[in-house]
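Below, each value reflects all heavy atoms present in this structure, side chains not excepted, and no hydrogens, waters or symmetry copies. To find a chain, count down the sequence lines: A is the first, B the second, and so on, and within it residues start at 1.
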Protein chains: 2
Amino acid sequence: MKNSQLYKGSLTTIVMKLLEENGRMYGYEITQKVKEITQGELKITEGALYPALHKLEADGVLEVEVENVDNRLRKYYKLTEKGTTETVNRLAELEDFIRNMQTLVQPKITN
Amino acid sequence: MKNSQLYKGSLTTIVMKLLEENGRMYGYEITQKVKEITQGELKITEGALYPALHKLEADGVLEVEVENVDNRLRKYYKLTEKGTTETVNRLAELEDFIRNMQTLVQPKITN
DNA sequence: TTATATACATAAAAATCTTAGGTATAAATT
DNA sequence: AATTTATACCTAAGATTTTTATGTATATAA
């Protein structure tokens, strides 16, 4: 996704958080939601998203419900119980990460 | 580095920022400094760091000065002019990244 | 004397993402 | 009517980055 490589490694955390917040979402919806929230700054590519969703499903983090809407296929994903627990951990890690990065980058306070 | 995969993609940004701040550093020193700043939370592995330093040098972002201290080799790295410019961009990207991640993760404010 | 700390390095494998396609339907535009 | 855009899924080759596992060598601490 996007130009900055800082987002590498954050895709699954983003997906899990969105599902925690919204109950269930389908892939395309996730790409649109992220674009909307970040005002176009972050664009999740489908080539990254779909394999990631499949892996999370295979790992028992997500479960899928296939539906047919307007003659088009939709695969709704939601967190499993395991996934919900994992999400809590992930968000704690994200907070630590952000805190650490801010500490590393923070200009020194001059006295 | 570390367990959390969120740090993937942030290594070069961290290195560049530290060099901007400290003028010049050698590899081992960088690993220790990061450990110190993050209070042991983030450990940069040498298997990731040394290839990254070599790549930054090859890309003209860093230049190296080899010195012999206490009969041990040290390779001091510092930012080139190009590297200094790059660092400014990187730090701006990092700020955007952190801001976006916070927006994504931030619990909705209920009215 | 053995382990730990310092200081560099590489190479195979794993993980993740980009890029570049592909299929198909519905709606909007020309 | 025809073409483009939006919706909705998918994969596969290649690039990049990191992990894991080593390797070398000196100095210091236990």
Side-chain angles (χ1 to χ4, degrees), chain A residues 1-16 18 24-36 40 42-59 61-62 64-77 90 93-94 97 101, chain B residues 1-16 18 24-36 40 42-59 61-62 64-77 90 93-94 97 101:
Chain A
M1 37 181 151
K2 226 211 155 189
N3 39 347
S4 172
Q5 54 203 37
L6 288 163
Y7 292 93
K8 276 174 194 275
S10 60
L11 177 57
T12 55
T13 303
I14 292 170
V15 169
M16 287 160 75
L18 287 176
R24 61 173 214 167
M25 297 178 85
Y26 54 99
Y28 185 75
E29 188 185 9
I30 292 171
T31 65
Q32 300 308 301
K33 192 75 179 174
V34 169
K35 212 195 298 182
E36 178 201 318
L42 177 53
K43 282 167 190 153
I44 291 180
T45 61
E46 298 179 324
L49 179 62
Y50 290 114
L53 289 172
H54 300 159
K55 185 166 191 306
L56 288 170
E57 193 194 348
D59 292 345
V61 173
L62 302 184
V64 68
E65 286 162 11
V66 183
E67 284 184 30
N68 209 299
V69 180
D70 289 331
N71 207 31
R72 256 200 234 95
L73 194 73
R74 273 191 198 168
K75 291 195 171 179
Y76 279 98
Y77 289 91
R90 284 305 192 86
E93 279 177 21
L94 178 58
F97 169 66
M101 290 305 285
Chain B
M1 38 181 153
K2 225 213 155 186
N3 39 347
S4 171
Q5 53 203 36
L6 288 163
Y7 294 93
K8 279 174 193 272
S10 59
L11 177 57
T12 54
T13 303
I14 292 171
V15 168
M16 288 160 75
L18 287 175
R24 60 173 215 167
M25 298 178 84
Y26 54 98
Y28 186 74
E29 188 185 9
I30 292 171
T31 66
Q32 301 307 301
K33 192 75 179 173
V34 169
K35 212 195 297 184
E36 180 201 318
L42 177 52
K43 283 167 190 153
I44 291 180
T45 61
E46 297 178 323
L49 179 62
Y50 289 115
L53 288 172
H54 300 159
K55 184 165 193 306
L56 288 170
E57 193 194 347
D59 292 346
V61 173
L62 303 184
V64 67
E65 286 161 12
V66 183
E67 283 185 29
N68 210 299
V69 181
D70 290 331
N71 207 30
R72 254 200 235 95
L73 193 74
R74 273 192 198 168
K75 292 195 170 179
Y76 280 98
Y77 289 91
R90 284 303 193 90
E93 279 178 20
L94 178 58
F97 169 64
M101 289 305 285

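- Mapping Lys55(A) and Tyr77(B) onto DNA chain C by nearest heavy atom places Tyr77(B) closer to the 5' end of the strand.
- For the OP1/OP2 pair of dA25(D) and a distance below 4.0 Å, the side-chain nitrogens and oxygens of Asn71(B) include no atom meeting the criterion.
- Rounded to an integer number of Å, the gap from Asp70(B) CG to dA29(D) C1' is 16 Å.
- Distance Met25(B) CE to dT6(C) P: 13 Å, rounded to the nearest Å.
- Ion pair Glu67(A)/Arg24(A) flagged as a salt bridge, since at least one NZ, NE, NH1 or NH2 atom sits closer than 4.0 Å to an Asp/Glu carboxylate oxygen.
- Look at Tyr50(B) and you won't find any side-chain N or O under 4.0 angstrom from OP1 or OP2 of dA9(C).
- Phosphate proximity of dT7(D) to Tyr28(A): present, with a side-chain N or O under 4.0 Å from OP1 or OP2.
- In this entry the distance linking CG of Leu56(A) with P of dC17(C) reads 10 Å, nearest Å.
- For the OP1/OP2 pair of dT17(D) and a distance below 4.0 Å, the side-chain nitrogens and oxygens of Gln5(A) include at least one atom meeting the criterion.
- We find that CD1 of Ile14(A) is positioned 13 Å from C1' of dT16(C), with the value rounded to whole Å.
- Each of Leu49(A) and Gly27(B) was matched to the nucleotide of DNA chain C holding its nearest heavy atom; the match closer to the 5' end belongs to Gly27(B).
- The distance between atom CG of Leu53(A) and atom P of dC17(C), rounded to the nearest whole Å, is 12 Å.
- At the phosphate of dT18(D), neither OP1 nor OP2 sits under 4.0 Å from any side-chain N or O atom of Lys8(A).
- Residues Val64(A) and Leu53(A) have side chains not in contact (no heavy-atom distance under 4.5 Å, counting atoms from C-beta outward).
- Per the geometry, CD1 belonging to Ile44(A) stands 15 Å off P belonging to dT16(C), to the nearest Å.
- Distances shown here put every side-chain N or O of His54(B) at or beyond 4.0 Å from the OP1 or OP2 atom of dC8(C).
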- [ ] Give the intermediate values and the outcome of side-chain contact (heavy atoms from CB on, under 4.5 Å) for residues Arg90(B) and Gln5(A).
- [x] CA-CA 10 Å; Arg90(B) 284 303 193 90; Gln5(A) 54 203 37; 3.7 Å; yes
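- The nucleotide whose nearest atom lies closest to any side-chain atom of Gln32(A) is, among dT7(D), dC9(D), dT11(D), dT7(D).
- For Glu46(A) and Gly47(B), each mapped to the nucleotide of DNA chain D holding its nearest heavy atom, the one lying further toward the 5' end belongs to Glu46(A).
- Between dC8(C) and Tyr26(B), no contact under 4.0 Å exists linking OP1 or OP2 to a side-chain N or O.
- Taking atom NZ of residue Lys43(B) and atom P of nucleotide dA5(C), one finds them 11 Å apart after rounding to whole Å.
- Ser10(B) is not listed as a side-chain neighbour of Phe97(B), based on a closest heavy-atom distance of 4.5 Å or more.
- At a threshold of 4.5 Å between non-hydrogen side-chain atoms, the residues Met101(B) and Ile14(A) count as touching.
- Within 4.0 Å of Arg72(A), counting heavy atoms only, lies at least one base atom of the nucleic acid.
- In this structure, Leu11(A) places its CG atom 20 Å from P of dT16(D), rounding to the nearest Å.
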